[in-house]
2 protein chains.
Amino acid sequence: MTVVPRLLSASQPPIDGIFRALSDPTRRRVVERLNRSPASVSELAQPFDMALPSFIEHLRVLEGCGLVHSQKTGRIRTYQLAPEPLKLAENWLAEQRALWERRLDQFDDYVLKLKEKDK
Amino acid sequence: MTVVPRLLSASQPPIDGIFRALSDPTRRRVVERLNRSPASVSELAQPFDMALPSFIEHLRVLEGCGLVHSQKTGRIRTYQLAPEPLKLAENWLAEQRALWERRLDQFDDYVLKLKEKDK
DNA sequence: CCAATACTAAGGTTTTTACCTAAGTAACAT
DNA sequence: ATGTTACTTAGGTAAAAACCTTAGTATTGG
């Protein structure tokens, strides 16, 4: 398969963590929010009814898989989206769909005949 | 935001479970395999070095979130892919990218105007 | 009928996740 | 200098996830 330079594959988050991160509604909402603009921890936390340390753990998960970056200036940490991992996940899904659709084309006739038979 | 009819949203698997299911490499490989053709439990399990009951649990997770369907004929249970949930996840990701790109455009405009001003 | 096949059920362990509270530290405003 | 703000650290609980083994139940081929 495709051999990726070690440094790149190490710095690029594995797709496991990306899907894992996106499986939580809180984290997805954070991503949706960061699509609009960068924001601080407390701005991000404000809509959620959750203790701050719990929320911050979500931010850490997002940063851990590379979906966001953060930097601290003074006492404020600002988060911003890093779209590459989203692209990675989207690509995997797109590939599955492409394969599926190719297969559907190949077997269209067969499927149609099966449905005829069902009646 | 978008209001979805209750019946639809209930029968359509929530995106949480889809991303969650896809976060496991075993389950992603099953999806990749099922893209080629339907297959039985043991066919699907064959490439994995894992006790069968453990593997079957993965299949249950996939079916639980709607990513696959199965039917039993005799003693053989056959699994097949159900692409709609994949589409759902892909759509969410695509939307994020669209928003992100729109924001980048806006930023470009902003930068351009700044540069105009400089002159 | 009987053994092999193809799953399935039951139950147990370890790790991870998602939350919490309480108590910090560092920066800023007054 | 002191209180308020903005996070951070530490630690603790409960539920879920990902494995395992052992012991089933149907089907089917000989």
Side-chain angles (χ1 to χ4, degrees), chain A residues 13-34 37-82 85 89, chain B residues 13-34 37-82 85 89:
Chain A
I15 202 162
D16 278 36
I18 299 166
F19 280 130
R20 185 80 197 52
L22 295 177
S23 75
D24 184 277
T26 300
R27 292 192 291 259
R28 277 200 314 282
R29 278 179 65 193
V30 168
V31 168
E32 285 164 355
R33 166 63 186 78
L34 286 177
S37 72
S40 71
V41 172
S42 32
E43 279 172 338
L44 291 171
Q46 184 268 314
F48 298 97
D49 181 21
M50 190 184 291
L52 192 59
S54 311
F55 181 76
I56 285 180
E57 183 55 31
H58 285 301
L59 293 180
R60 270 200 268 264
V61 170
L62 285 170
E63 189 156 29
C65 76
L67 275 165
V68 305
H69 295 143
S70 77
Q71 72 200 28
K72 198 165 186 175
T73 310
R75 58 184 166 169
I76 294 178
R77 181 175 293 278
T78 302
Y79 279 90
Q80 59 183 309
L81 201 66
Chain B
I15 202 161
D16 280 35
I18 299 167
F19 279 131
R20 185 80 197 51
L22 294 177
S23 74
D24 183 279
T26 299
R27 291 193 289 259
R28 277 202 313 282
R29 278 178 66 194
V30 169
V31 168
E32 285 164 354
R33 166 63 186 78
L34 286 178
S37 71
S40 71
V41 171
S42 32
E43 278 172 339
L44 290 171
Q46 183 269 313
F48 298 96
D49 184 21
M50 186 183 293
L52 191 58
S54 311
F55 180 76
I56 285 180
E57 184 56 32
H58 284 301
L59 294 181
R60 272 199 266 263
V61 171
L62 286 170
E63 190 157 28
C65 76
L67 274 165
V68 305
H69 294 145
S70 77
Q71 70 200 31
K72 198 166 185 174
T73 310
R75 59 185 165 171
I76 294 176
R77 181 175 294 277
T78 302
Y79 279 89
Q80 59 183 309
L81 201 65

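Order of the sequence lines sets the chain letters (A, B, ...), proteins ahead of strands, with each chain counted from 1. Quick caveat, the model's predicted, so the values are computed rather than measured.
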Steps toward side chain to side chain contact (heavy atoms under 4.5 Å, CB included) verdict (L59(A), R77(A)): CA-CA 11 Å; L59(A) 293 180; R77(A) 181 175 293 278; over 6 Å; no
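In this structure, R77(A) places its CZ atom 16 Å from C1' of dT5(D), rounding to the nearest Å. If you measure from atom CZ of R20(A) to atom C1' of dT15(C), you get 12 Å, rounded to the nearest angstrom. Distance, Y79(B) OH to dA6(C) C1': 12 Å, rounded to whole Å. Look at CD on Q71(A): it is 16 Å from C1' on dA6(D), rounded to the nearest Å. Between L22(B) atom CG and dA18(D) atom P the separation is 12 Å, expressed in whole Å. Taking atom CZ of R60(A) as the reference point, atom P of dC7(D) lies 13 Å away to the nearest angstrom. If you measure from atom CG of L59(B) to atom C1' of dA18(D), you get 14 Å, rounded to the nearest angstrom. For the pair K72(A) NZ and dT5(D) P, the computed distance is 17 Å after rounding to whole Å.
For the pair L22(B) and D16(A), the minimum side-chain heavy-atom distance is 4.5 Å or more. Counting heavy atoms from C-beta outward, V61(B) and R27(B) have side chains that approach closer than 4.5 Å. Contact check for R28(B) versus F19(A): side-chain heavy atoms found under the 4.5 Å cut-off. R33(A) is listed as a side-chain neighbour of L44(A), based on a closest heavy-atom distance under 4.5 Å.
Phosphate contact (OP1/OP2 of dT17(C), side-chain N/O of H58(A), threshold under 4.0 Å): absent.
At a threshold of 4.0 Å, the pair D24(B)-R20(A) does not count as salt-bridged, since none of the basic side-chain nitrogens sits closer than that to a carboxylate oxygen. The pair E57(A)-R60(A) meets the salt-bridge criterion, since a charged nitrogen lies less than 4.0 angstrom from a carboxylate oxygen.
Between the side chains of S70(B) and E63(B), at least one donor N or O sits under 3.5 Å from an acceptor N or O.
Nearer to the 5' terminus of DNA chain C, by closest-nucleotide assignment, is the contact made by V41(B) (compared with the other of R27(A) and V41(B)). Each of T26(A) and I56(B) was matched to the nucleotide of DNA chain C holding its nearest heavy atom; the match closer to the 5' end belongs to I56(B).
Rounded to 10 degrees, the angle between the two end axes of the helix from dC1(C)-dG30(D) to dT30(C)-dA1(D) is 20°, with five pairs used at each end.
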Summary of protein contacts for nucleotides 20-30 of chain C, nucleotide by nucleotide, where a base hit scores B, a sugar-phosphate-only hit scores S (4.0 Å, heavy atoms): BBB----BS--
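Taking the side chain to side chain donor-acceptor pair (under 3.5 Å) definition, one finds that Q46(A) meets it with nothing, sequence neighbours left out.
Within the 4.0 angstrom heavy-atom criterion, only backbone atoms of the sugar-phosphate kind lie near S40(B); the bases stay farther away.
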